[in-house]
2 protein chains.
Amino acid sequence: MATPDTRTQLLDAAERLFAERGFSGTSVRAITDLAGANLAAVGYHFGSKAELLTAVVRRVIEPITTEQLAGLDRLLARSPEPPVADLVEAFAGPLFDAMRTGDEGGARTSRLIVRIFGDPSEEMRSWTGSAENTLRDRYVAAFTRARPDLTQDELWFRIRGILAVAAVDRVDRHNQTPAPTDAPEPARRWAITFLAAAMSAPPSEPRAN
Amino acid sequence: MATPDTRTQLLDAAERLFAERGFSGTSVRAITDLAGANLAAVGYHFGSKAELLTAVVRRVIEPITTEQLAGLDRLLARSPEPPVADLVEAFAGPLFDAMRTGDEGGARTSRLIVRIFGDPSEEMRSWTGSAENTLRDRYVAAFTRARPDLTQDELWFRIRGILAVAAVDRVDRHNQTPAPTDAPEPARRWAITFLAAAMSAPPSEPRAN
DNA sequence: CCCTCATTCAAACGTTCGTTTTAATCAAAC
DNA sequence: GTTTGATTAAAACGAACGTTTGAATGAGGG
């Protein structure tokens, strides 16, 4: 195998360490050590530690967003009003697919996503591009058409619930379940079932004027 | 109002900053500044920054755990096999009640809980006591009786889903919904509806031998 | 009044942090 | 063979970090 360039190895090492220890819990020296690179390499290739974080997050998020949009396009090409279960699968599925690619069965990617979406700090929010906004708007519109009986606020709550369940997925793994090897990815199916039922629940709002 | 003692003010300041910036993102100096205390006060009252974190987490988690156990006791006193919706409410309700007490409508407590449950680092896991284990075991047992058709793994996944939805609750607030003042706490009702439906979903496992 | 003891204070400890600088390296272009 | 331009290497920068120290403080009991 050809040795990957320093830039890529820095991204890999940073992605791993940011997921495990967080942004401020990871030193540039720990990253360059794990990457087998010189300390100054981060400054040279990315400018600063914060810009390295942006590059890492972008590399993780972008393929997920792309797949979420493609899935929605596929659904809308078939029907103007896709059922909620299909919308759930198109939205949550790519999150699980992305998590499966990681080394420890995606636990690391999952943890990184939790940090990305849960951290209010400016550094963690600098990556958001227009693609994420249009993604969000389009799914909200699709879900609104599928569930016109729900208040906008309650619909919002449920969509955030999808993201919560998808992201937390494997984070709590450190207590049980010894064998994730034989089963390919049951969590994805469990999540779709769980979330489709949740999204199909009748409104809990007393009225929705 | 009487000035609270230094120890309490340190706990308050640390709780707030840990929630906003994380453990390693918060300096002892930032805590003591916000608390209006001297730098050495942390070492004097708690021994170290890590032990201060443990005290903060315990103060947040303990009343929640207590209320969750009390709610389960109330249910079991009425019926040996409570329905899933009641179990969901007894488990998730106290999480929302705890979140409502905070200054910004519980967003801070919510964020802290996300960090507590999502962080794999040793420091963040040092607090877990026996109460949390018995809590978990008892709810798993109750849910197992309520849903004997589910695999133990899928049931586990769903219970973690409850925690995910309850914790993430208000984390994503930074984009929309200007008015959380007039509505007291609709999120709690939304979450119960959402999660009760999710927990009542038929099994997605092909078989459950 | 003085002693006691818990608490607070200013100051300094050595370490680690992110970043910058300057020189060394090296393949490709001429 | 030399020059060029991009990359890597070693070293140092000041700042901020968690922690420790030893003296000041001040209320309560003798």
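Every chain is numbered from 1 and lettered A, B, ... according to where its sequence line falls, protein lines coming before strand lines.
Considering only side-chain N and O atoms, A:Thr6 lies under 4.0 angstrom from the phosphate OP1 or OP2 of D:dT8. For B:Asn38 and C:dA10, the shortest distance from a side-chain N or O to OP1 or OP2 is below 4.0 Å. For the pair B:His45 and C:dT8, the criterion of a side-chain N or O lying under 4.0 Å from OP1 or OP2 is met. Residue A:Ser27 has a polar side-chain atom (N or O) positioned under 4.0 Å from OP1 or OP2 of C:dC17.
Ring planes of B:Phe91 and B:Tyr139: perpendicular class, angle over 60° (limits at 30 and 60°).
Atom NZ in A:Lys49 sits roughly 15 Å away from atom P in C:dT16 (whole-Å rounding). Between A:Tyr44 atom OH and D:dA9 atom P there is a gap of 13 Å when expressed in whole angstrom units. Atom CG in A:Leu39 sits about 19 Å away from atom P in C:dA23, given to the nearest Å. The distance from atom CD1 of A:Ile31 to atom P of C:dC17 is 11 Å, rounded to the nearest whole Å. Here D:dA11 presents its P atom at 14 Å from CZ of A:Arg29, a figure rounded to the nearest Å. Per the geometry, CG belonging to B:Leu10 stands 13 Å off P belonging to D:dT19, to the nearest Å. Regarding B:Asp33, its CG atom lies at a distance of 14 Å from the C1' atom of C:dA10, rounded to whole Å. What separates CZ of A:Phe46 from C1' of D:dA6 is a distance of 16 Å, to the nearest Å.
Between the side chains of B:Gln9 and B:Thr6, no donor N or O sits under 3.5 Å from an acceptor N or O. When only modelled atom types and interatomic distance are considered, B:Asp5 and B:Thr8 share a side-chain donor-acceptor pair under 3.5 Å. Using a 3.5 Å distance cut-off with no hydrogens or angles, the side chains of A:Thr54 and A:Glu51 do not pair a donor with an acceptor.
B:Ser24 comes within contact range of no nucleotide atom at all, as no heavy-atom separation falls under 4.0 Å. Among the heavy atoms of the strands, none lies under 4.0 Å from B:Ala41.
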Quiz item: Yes or no on side-chain contact (heavy atoms from CB on, under 4.5 Å) for A:Glu67 and A:Leu72, after CA distance, side-chain angles and deciding distance?
Solution: CA-CA 9 Å; A:Glu67 198 49 48; A:Leu72 182 58; over 6 Å; no
